[in-house]
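One structure is given below, encoded as structure tokens.
Residue numbers begin at 1 in each chain, while the letters A, B, ... track the order of the sequences.
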2 protein chains.
Amino acid sequence: MSLHAPKLAPRDCGDCQIRHRAVCARCDSDELARLEEMKYYRSFQAGQNIVWSADRMDFVGSVVSGIATLTQTMEDGRRQMVGLLLPSDFVGRPGRAIAPYDVTAVTDLVMCCFRRKPFEEMMGTTPHVAQRLLEMTLDELDAAREWMLLLGRKTAREKIASFLTILARRESGLKARAPKGQITFDLPLTREEMADYLGLTLETVSRQMSALKRDGVLELEEKRRITVPSFDRLAEETGDDADGGMLA
Amino acid sequence: MSLHAPKLAPRDCGDCQIRHRAVCARCDSDELARLEEMKYYRSFQAGQNIVWSADRMDFVGSVVSGIATLTQTMEDGRRQMVGLLLPSDFVGRPGRAIAPYDVTAVTDLVMCCFRRKPFEEMMGTTPHVAQRLLEMTLDELDAAREWMLLLGRKTAREKIASFLTILARRESGLKARAPKGQITFDLPLTREEMADYLGLTLETVSRQMSALKRDGVLELEEKRRITVPSFDRLAEETGDDADGGMLA
DNA sequence: TCCGGTCTTTGATCCGGATCAAATGAAAGG
DNA sequence: CCTTTCATTTGATCCGGATCAAAGACCGGA
């Protein structure tokens with residue numbers, strides 16, 4: 001709930017870059033200045049809920065650091081993660097007050113926010129901001145549909161491999177289509193959270209991780225730190241065609 | 001491929017209403033006239049492919065009559081439907097030339113189309129069109145995420161019930177939240193297509209339909225014509241909370 | 001009317017992943 | 001250092017839905 005002032009001068013700080021890239025790649029300096037005035041920071045603790053399903057969500061923004069998830073839950077407690085927010089990802093629904101899912105910080109998290117109403121007003125006067133948001137939403141929709149294929153048709157092993165492929169790709173340079181060679185990265189999620197993302201149980205996730213390790217597809221120094229000796233070898237396990245799945 | 005002239009005067013025809021509702025709820029008459037000039041019609045036969053995955057898609061538009069599907073396919077033939085297009089639904093990706101899925105007519109189909117390029121240009125000059133498209137895309141995204149919950153966590157019986165609930169709701173007045181009493185409608189899809197939508201096999205779909213019939217949740221006069229004696233009874237089977245799942 | 005094809009139902013069996021259960025490991029606090 | 005707690009691994013068993021197989025049901029065409 002607390003509002004945090006940026007720690008660096010606006011024009012220099014990395015956060016602004018992120019905000020700028022996420023929201024508008026083409027703002028002129030006037031618009032940039034208006035965005036600059038509007039923005040504020042919010043911090044959340046690991047495990048803290050940011051928005052509850054069916055609650056009002058009066059801001060939009062992007063993740064500066066940390067990880068957040070979008071989840072849907074059934075009455076009896078069955079959960080399905082429907083989105084994973086990594087640094088530079090955008091959250092929020094311009095034009096929508098109510099989110100149909102929970103947003104939760106899974107690690108300590110800092111977000112760069114804009115109040116929804118004034119942001120929407122700016123959207124009405126600067127057409128390319130609306131177009132940029134449309135682009136981002138289409139990207140999310142593509143990702144969601146790719147995920148539907150995973151949830152509906154892939155085996156447990158393919159699901160794990162697909163998930164790790166996305167993380168590995170993200171780690172080795174933003175959006176690099178098919179990274180080469182060895183990649184090391186941290187797992188941001190517990191086995192249970194991975195299970196919720198992949199439509200599995202935590203035991204199955206654990207077993208399949210062990211199996212992939214046994215088969216030399218990955219190495220686990222610590223439980224949450226992964227090395228993939230060969231990205232291509234991992235990608236073969238996803239069931240996607242060779243050029244690599246998550247095409248946007 | 002053929003272009004079809006509208007059968008009625010533009011201002012009177014039902015197609016225009018559909019197009020108008022789908023694309024822009026707030027056009028003034030100048031913009032309406034521009035849209036009117038741009039639009040054309042295309043017909044497709046049942047089973048015909050409209051766009052292939054990874055092919056260019058040089059138009060956007062809305063379904064006038066008939067049913068189309070969006071599907072993703074893995075190399076080995078596993079298929080997952082990622083969208084179902086009913087009359088008045090919008091298709092197309094302004095700003096995107098390439099679709100990452102197949103679009104297929106499952107019945108004979110008529111679409112009201114606009115060429116993508118000029119449509120995009122109009123989007124740039126009339127901000128509320130971009131906003132309208134953003135709204136529609138957010139709706140699709142919500143639906144996709146709801147579907148992720150279904151694919152990842154629901155039982156076969158719940159999947160079928162959820163699917164029928166959507167059709168029943170759609171049948172009894174567009175977007176009516178929770179229709180009352182008895183509803184009769186046609187199944188637009190074969191058992192196999194339903195299976196591809198729900199992440200099941202056609203045998204499981206058939207068995208669960210039989211089970212729901214045996215339990216009095218639905219009646220099957222013909223194989224593809226369904227009567228739901230009580231919408232609420234059906235909704236109970238979906239696993240969603242009482243107010244009815246697919247909240248937008 | 002019969003025939004061939006497609007869609008659908010139903011039965012029998014199998015298997016991948018869920019469930020139940022227990023042990024191990026690793027970090028946090030007294 | 002020991003206890004507590006939580007994440008993870010691993011084992012044993014079960015079950016829902018997949019797979020394999022066969023038999024209707026329906027339709028259009030000869």
Side-chain angles (χ1 to χ4, degrees), chain A residues 45-47 67 69 74 76-80 106-108 150-164 186-215 218-226 237 239, chain B residues 45-47 67 69 74 76-80 106-108 150-164 186-215 218-226 237 239:
Chain A
Q45 297 179 326
I67 311 268
T69 60
M74 294 171 68
D76 61 7
R78 280 176 282 175
R79 297 163 125 280
Q80 178 63 51
V106 295
T107 64
D108 287 345
L150 177 145
L151 290 172
R153 294 304 186 194
K154 288 190 178 180
T155 65
R157 186 181 174 101
E158 288 168 342
K159 286 178 176 182
I160 303 278
S162 300
F163 176 64
L164 296 178
D186 286 313
L187 269 183
L189 303 181
T190 66
R191 300 289 184 262
E192 184 171 21
E193 286 159 345
M194 285 179 64
D196 284 343
Y197 202 12
L198 300 170
L200 298 170
T201 58
L202 67 97
E203 292 95 331
T204 297
V205 171
S206 179
R207 268 185 254 274
Q208 295 297 335
M209 294 279 288
S210 299
L212 288 171
K213 182 182 171 190
R214 189 167 53 245
D215 298 345
L218 54 83
E219 290 151 26
L220 284 168
E221 296 107 67
E222 305 156 52
K223 310 263 180 225
R224 302 280 277 279
R225 185 155 191 83
I226 290 188
E237 297 285 348
Chain B
Q45 297 179 326
I67 311 268
T69 60
M74 294 170 70
D76 61 6
R78 280 176 281 174
R79 297 163 128 283
Q80 177 63 51
V106 296
T107 64
D108 287 345
L150 177 145
L151 290 171
R153 294 305 186 193
K154 289 190 179 180
T155 65
R157 185 181 175 105
E158 287 168 343
K159 286 178 176 181
I160 303 278
S162 299
F163 177 64
L164 296 179
D186 286 313
L187 269 183
L189 303 181
T190 66
R191 299 287 184 261
E192 184 172 20
E193 287 159 345
M194 285 179 64
D196 283 343
Y197 203 13
L198 299 170
L200 298 169
T201 59
L202 68 97
E203 293 95 333
T204 297
V205 170
S206 179
R207 268 185 255 273
Q208 295 297 335
M209 294 278 290
S210 300
L212 288 171
K213 182 182 171 191
R214 190 168 53 246
D215 299 345
L218 54 83
E219 289 151 25
L220 284 169
E221 295 106 67
E222 304 155 54
K223 308 256 178 233
R224 301 281 277 276
R225 185 155 191 84
I226 290 189
E237 297 284 346

It should be established whether B:Thr204 places a side-chain nitrogen or oxygen under 4.0 Å from OP1 or OP2 of nucleotide D:dA18.
yes

Is A:Asp186 paired with A:Arg225 through a side-chain N to carboxylate O contact shorter than 4.0 Å?
yes

Stepwise side chain to side chain contact (heavy atoms under 4.5 Å, CB included) check, B:Lys223 with B:Leu187:
CA-CA 8 Å; B:Lys223 308 256 178 233; B:Leu187 269 183; over 6 Å; no

Please give, in whole Å, the distance from C:dG17 C1' to A:Glu192 CD?
17 Å

Between A:Leu200 and A:Glu222, which has a closest nucleotide on DNA chain C that is more 5'?
A:Leu200

Between P of C:dG11 and CD of B:Gln208, the distance in whole Å:
14 Å

Take A:Arg224 and A:Thr190, measure what side chain to side chain contact (heavy atoms under 4.5 Å, CB included) needs, and give me the verdict at the end.
CA-CA 8 Å; A:Arg224 302 280 277 279; A:Thr190 66; 4.0 Å; yes

Mind checking B:Thr201 for me? I need base, sugar-phosphate or nothing, with any heavy atom below 4.0 Å counting as a touch.
base

Length of the line joining B:Lys223:NZ and D:dC27:P, which is rounded to integer Å
10 Å

Phosphate contact (D:dT9 OP1 or OP2) by A:Ser206 side-chain N/O below 4.0 Å:
yes

Closest to the side chain of B:Glu203, out of D:dT19, D:dT10, D:dA25, is D:dT19

From NZ of A:Lys154 over to P of D:dA18, roughly how many Å is that when rounded to an integer?
18 Å

Looking at C:dT10, I'd like to know if its phosphate oxygens (OP1 or OP2) sit under 4.0 Å from a side-chain N or O belonging to B:Ser210.
yes

Output the rounded distance in Å from CZ (B:Arg191) to P (D:dG17).
17 Å

Given C:dG17, D:dG17, C:dT9, identify the nucleotide with an atom nearest to the side chain of A:Thr155.
C:dG17

Please determine if B:Glu237 and B:Arg157 form a salt bridge, counting it only when a charged side-chain N lies under 4.0 Å from a carboxylate O.
yes

With respect to the side chain of A:Arg207, which nucleotide from C:dG17, D:dT19, C:dT19 is positioned closest?
C:dT19

In whole angstrom, what separates A:Asp196's CG from C:dA18's C1'?
14 Å

Could A:Arg79 and A:Glu193 be called an ion pair, given the rule that one side-chain N must be under 4.0 Å from one carboxylate O?
no

Here the distance between atom P of C:dG17 and atom CG of A:Leu198, to the nearest Å, is 12 Å

Atom-to-atom span, CZ of B:Arg224 to P of C:dT6 - whole angstrom
15 Å

Out of C:dT8, D:dG17, C:dG17, minimum distance to the side chain of A:Ala156 belongs to C:dG17

